[in-house]
Peer 1: 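Once you've had a glance at the structure underneath, I'll fire off some questions.
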Amino acid sequence: MKNLKYLLLAATLGLSSQIQAAPGCSAANLNGSYVLYQNSVALANLHTGRCEITVLNGVVGGSCAFTTTQSGVITPGFAGPVSGTATMNTDCSAVAQLDFSPAPNVTVQSFFDLQFTPDKQSFIGQWTNNFGLLGTSAGTRFSPFLPSTPAQ
């Protein structure tokens with residue numbers, strides 16, 4: 001019985017040290033290429049978007065394409081370059097700001113609050129922008145060297 005207690009204690013300590021040893025996230029974990037999908041939940045401006053971005057040392061660059069929905073009709077919207085910044089926290093949450101200019105003298109700033117999966121390969125989250133819209137976002141890493149459907 002005494003050996004069983006020691007075995008149980010050793011197993012418990014071993015399990016707790018394995019849980020604590022799970023790696024966290026760092027800024028370097030954010031570096032890479034991603035495909036993001038967004039949708040607006042604001043009735044005033046229903047739209048979806050698909051972006052391909054690259055993050056390198058907190059700097060974001062890439063392109064996005066959006067479609068709008070009005071009265072059930074889906075039409076192409078802005079398509080073009082985006083830029084911004086992103087940071088990763090040790091709990092694998094991240095924040096990002098993506099900016100784009102859909103018209104002269106108009107800049108849209110979108111602010112993302114994201115949570116990465118433990119393997120740091122995909123995320124889900126929400127966004128707001130400087131025009132008061134809000135929505136959801138999800139994405140995953142991808143290789144820019146492999147064939148993919150471009151943002152259009």
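Here the structure is a predicted model, which is why all the values come from computation and not from measurement.
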Peer 1: Between Cys25 and Met88, what is the shortest heavy-atom contact and its length?
Peer 2: CB-CG, 3.6 Å
Peer 1: Of all the heavy-atom pairs spanning Gly24 and Cys92, show the shortest one and how long it is.
Peer 2: C-SG, 4.2 Å
Peer 1: So Ile53 and Leu36, do their side chains get closer than 4.5 Å, heavy atoms only?
Peer 2: yes
Peer 1: Nearest 0.5 Å, please: how far is CG in Asp99 from CG in Asn130?
Peer 2: 8.0 Å
Peer 1: Measuring only between side-chain heavy atoms, which start at C-beta, is Val60 closer than 4.5 Å to Thr85?
Peer 2: no
Peer 1: Please round to the nearest 0.5 Å and tell me the distance separating atom CD of Gln97 and atom OG of Ser83.
Peer 2: 8.5 Å
Peer 1: Please enumerate all residues that pass side chain to side chain donor-acceptor pair (under 3.5 Å) together with Thr136, with sequence neighbours excluded.
Peer 2: Asn39
Peer 1: Looking only at heavy atoms, which two atoms of Asn29 and Ser26 are closest? And how far apart?
Peer 2: OD1-N, 2.7 Å
Peer 1: With rounding to the nearest 0.5 angstrom, report the CG to OG distance, Asn45 to Ser40.
Peer 2: 5.5 Å
Peer 1: Check whether Thr67 reaches the backbone of Pro76 with its side chain - one donor and one acceptor, N or O, closer than 3.5 Å.
Peer 2: no
Peer 1: A quick test of your reading: do over 12 heavy atoms of other residues, nucleotides or ligands sit less than 6.0 Å from CG of Leu134?
Peer 2: yes
Peer 1: Do you reckon Ile124 sits in the same ILVMFWY cluster as Val35, going by side-chain contacts under 4.5 Å, direct or chained?
Peer 2: no
Peer 1: For residues Ser33 and Arg141, determine if any side-chain heavy atom of one lies less than 4.5 Å from a side-chain heavy atom of the other.
Peer 2: no
Peer 1: Measuring from Ile74:CD1 to Thr68:OG1, what's the distance to the nearest 0.5 Å?
Peer 2: 9.0 Å
Peer 1: Provide the closest heavy-atom pair for Thr140 versus Phe123 in the form atom of the first, atom of the second, distance.
Peer 2: N-CE2, 4.3 Å
Peer 1: So does Asn57 get a backbone contact from the side chain of Asn31, meaning a donor-acceptor N/O pair under 3.5 Å?
Peer 2: yes
Peer 1: I want to check something: taking the side chain as every heavy atom from C-beta on, are Gln38 and Phe112 in contact at a cut-off of under 4.5 Å?
Peer 2: yes
Peer 1: Distance-only, no hydrogens or angles: does the Asn129 side chain make a donor-acceptor pair with backbone N or O of Phe131 under 3.5 Å?
Peer 2: yes
Peer 1: Got a sec, which residues hit ring pair (Phe, Tyr, Trp, His ring centres under 6.0 Å) with Phe100, two or more places apart in sequence or on another chain?
Peer 2: Phe66, Phe78
Peer 1: Return the CD to CG distance between Gln115 and Asn89, rounded to the nearest 0.5 Å.
Peer 2: 9.0 Å
Peer 1: What distance do Cys51 atom SG and Leu98 atom CG have between them, rounded to the nearest 0.5 Å?
Peer 2: 6.5 Å
Peer 1: Would you check if Tyr34 and Thr54 make a side-chain contact, meaning some heavy-atom pair closer than 4.5 Å?
Peer 2: no
Peer 1: Taking the side chain as everything from C-beta on, heavy atoms only, tell me whether Ser101 gets closer than 4.5 Å to Thr107.
Peer 2: yes
Peer 1: Under a single-linkage definition using a 4.5 Å side-chain heavy-atom cutoff for Ile, Leu, Val, Met, Phe, Trp and Tyr, are Phe111 and Val108 assigned to the same hydrophobic cluster?
Peer 2: no
Peer 1: What pair of heavy atoms forms the shortest contact from Phe116 to Leu30, and how long is it?
Peer 2: CZ-CD1, 3.7 Å
Peer 1: Would you indicate whether the side-chain heavy atoms of Gln126 and Ser137 approach each other to under 4.5 Å?
Peer 2: no
